[in-house]
Protein chains: 2
Amino acid sequence: MGQRNRLQYIILGLLNQHPQTGYDLAKAFENEIGEFWQAQHSQIYPMLKRLEAAGEISHEDTVTGEKLAKKKYTLTSAGREKLVTWVSQPSPELTPSKDEFILKLYFIKTANDPRIQPMLREQYQLHQSQLHHLQQRQETVFPNQKAIDQAYGHYLILDHAIERESHYVEWLAQYLEK
Amino acid sequence: MGQRNRLQYIILGLLNQHPQTGYDLAKAFENEIGEFWQAQHSQIYPMLKRLEAAGEISHEDTVTGEKLAKKKYTLTSAGREKLVTWVSQPSPELTPSKDEFILKLYFIKTANDPRIQPMLREQYQLHQSQLHHLQQRQETVFPNQKAIDQAYGHYLILDHAIERESHYVEWLAQYLEK
DNA sequence: GTACCCATGTAAAGTGTTACATGATTAC
DNA sequence: GTAATCATGTAACACTTTACATGGGTAC
């Protein structure tokens with residue numbers, strides 16, 4: 001990963017939805033898109049500066065209350081163009097993934113090793129609760145067809161995340177002893 | 001990711017299966033376990049030095065042909081202990097994943113955007129061919145029950161990878177227009 | 001008044017990729 | 001002989017996380 005600087009495009013994409021602050025972006029990386037990309041604020045703020053220096057975004061200071069200064073960032077037309085180009089480009093590479101639990105299983109040689117079942121149970125609970133969480137979010141964010149139509153992309157990735165978790169849970173259950 | 005130095009444990013786990021060279025390890029990160037962890041030789045060789053300095057592995061020089069020197073690494077008892085501890089430890093965190101294609105979908109707002117179908121088709125082909133590749137590997141590596149019993153962990157992770165790809169493909173197909 | 005969240009930033013350290021470098025062996 | 005693969009290593013750079021640092025706003 002890395003070195004292709006995908007983060008910049010994701011920030012452009014998020015800002016294209018509506019102008020937001022760095023703090024808002026950091027929240028988005030925990031919620032809406034957290035299933036498929038992560039970034040901390042320490043990575044976001046410098047990137048916003050870079051994008052602004054490159055003329056792809058601009059900011060407006062807004063003041064809440066006494067003097068809390070926020071920087072609300074917006075795409076420039078150059079930024080919007082760059083975003084469109086990125087989205088239109090093919091993504092011909094499989095996403096590498098790193099799953100520590102699955103690897104631990106790999107290092108267990110025999111099917112009757114007593115460590116397997118507790119490990120499976122732990123992961124089952126972990127993914128089951130994540131699945132519930134995602135399903136609840138789907139119910140609240142997309143209660144009807146209209147909500148889906150208005151944020152189709154968001155619907156797609158949430159649906160994908162739910163499918164992924166649900167099959168992970170099924171796979172675990174298959175090897176769980178009753 | 002990072003900062004927990006998982007790579008060291010994976011190397012210990014691989015060496016525990018049988019003594020190997022850094023080159024062999026690099027190959028393993030492309031093949032057997034490439035679905036769930038990746039590392040280049042530039043990361044592996046320094047790690048081998050670190051592990052050896054820490055007394056967790058040791059190496060033996062072997063010479064093939066005229067003077068090709070290989071370093072075959074083996075676990076020490078300290079290394080084996082460290083590996084067992086790691087495997088026995090819980091893995092209570094969900095694996096973060098980064099999927100550029102899914103994110104691009106997120107930035108497309110409407111279901112009838114003309115970019116969606118070509119993107120889905122591209123990913124369909126990509127994951128379909130990956131699925132075939134994994135299925136073929138399963139057939140050749142695990143032709144019978146005996147092979148499964150002898151490398152149960154390997155069987156599990158290959159099975160998991162196949163399930164994952166196969167559901168990814170199904171998910172894509174669901175949104176593909178005929 | 002205090003705990004929690006909003007809000008922005010920088011520094012340090014760790015992890016990972018690409019490129020640089022070199023040489024031996026094997027299959028054609 | 002030459003291309004592909006085996007084999008080992010370092011350097012530079014890019015990316016990511018954790019920690020350091022600061023201050024305002026809001027709910028109890």
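Values below: every heavy atom of this structure, side chains too, minus hydrogens, waters and symmetry copies. Here the structure is a predicted model, which means the values were calculated and not measured. Labels below follow one simple rule: chain letters A, B, ... track the order of the sequence lines, proteins then strands, and each chain is numbered from 1.
Closest to the side chain of A:S42, from the set D:dC6, D:dA19, C:dT17, is D:dA19. For A:K98, taking side-chain heavy atoms from C-beta onward, the closest of the listed nucleotides D:dT8, C:dG16, D:dT18 is C:dG16. Distances were taken from every side-chain heavy atom of B:K49 (C-beta onward) to each of D:dA7, C:dT10, D:dT10; the shortest belongs to D:dT10. For A:H41, taking side-chain heavy atoms from C-beta onward, the closest of the listed nucleotides D:dA7, C:dG9, C:dA19 is C:dG9. The listed nucleotides are C:dC5, D:dT16, C:dG9; the one nearest the side chain of A:Q43 is D:dT16. Listed nucleotides C:dG9, D:dC15, D:dT10 differ in distance to A:N5; the shortest reach to its side chain belongs to D:dC15. Ranking C:dT8, D:dC6, D:dT10 by closeness to the B:K27 side chain, first place goes to D:dC6.
For C:dT25, neither phosphate oxygen OP1 nor OP2 lies less than 4.0 angstrom from any side-chain nitrogen or oxygen of B:K70.
Ring geometry for B:H160 against B:F36 counts as tilted: the plane angle lies between 30° and 60°, on a 0 to 90° scale. Below 30°, between 30° and 60°, or above 60°: for B:F142 and B:Y155 the angle between ring planes is above 60°, a perpendicular geometry.
With DNA chain C read from its 5' end, the first of the two nearest nucleotides for B:Q40 and A:A69 is the one closest to A:A69.
Contact check on A:R4 versus B:E100 returns no salt bridge, with no Lys/Arg side-chain nitrogen under 4.0 Å from an Asp/Glu carboxylate oxygen.
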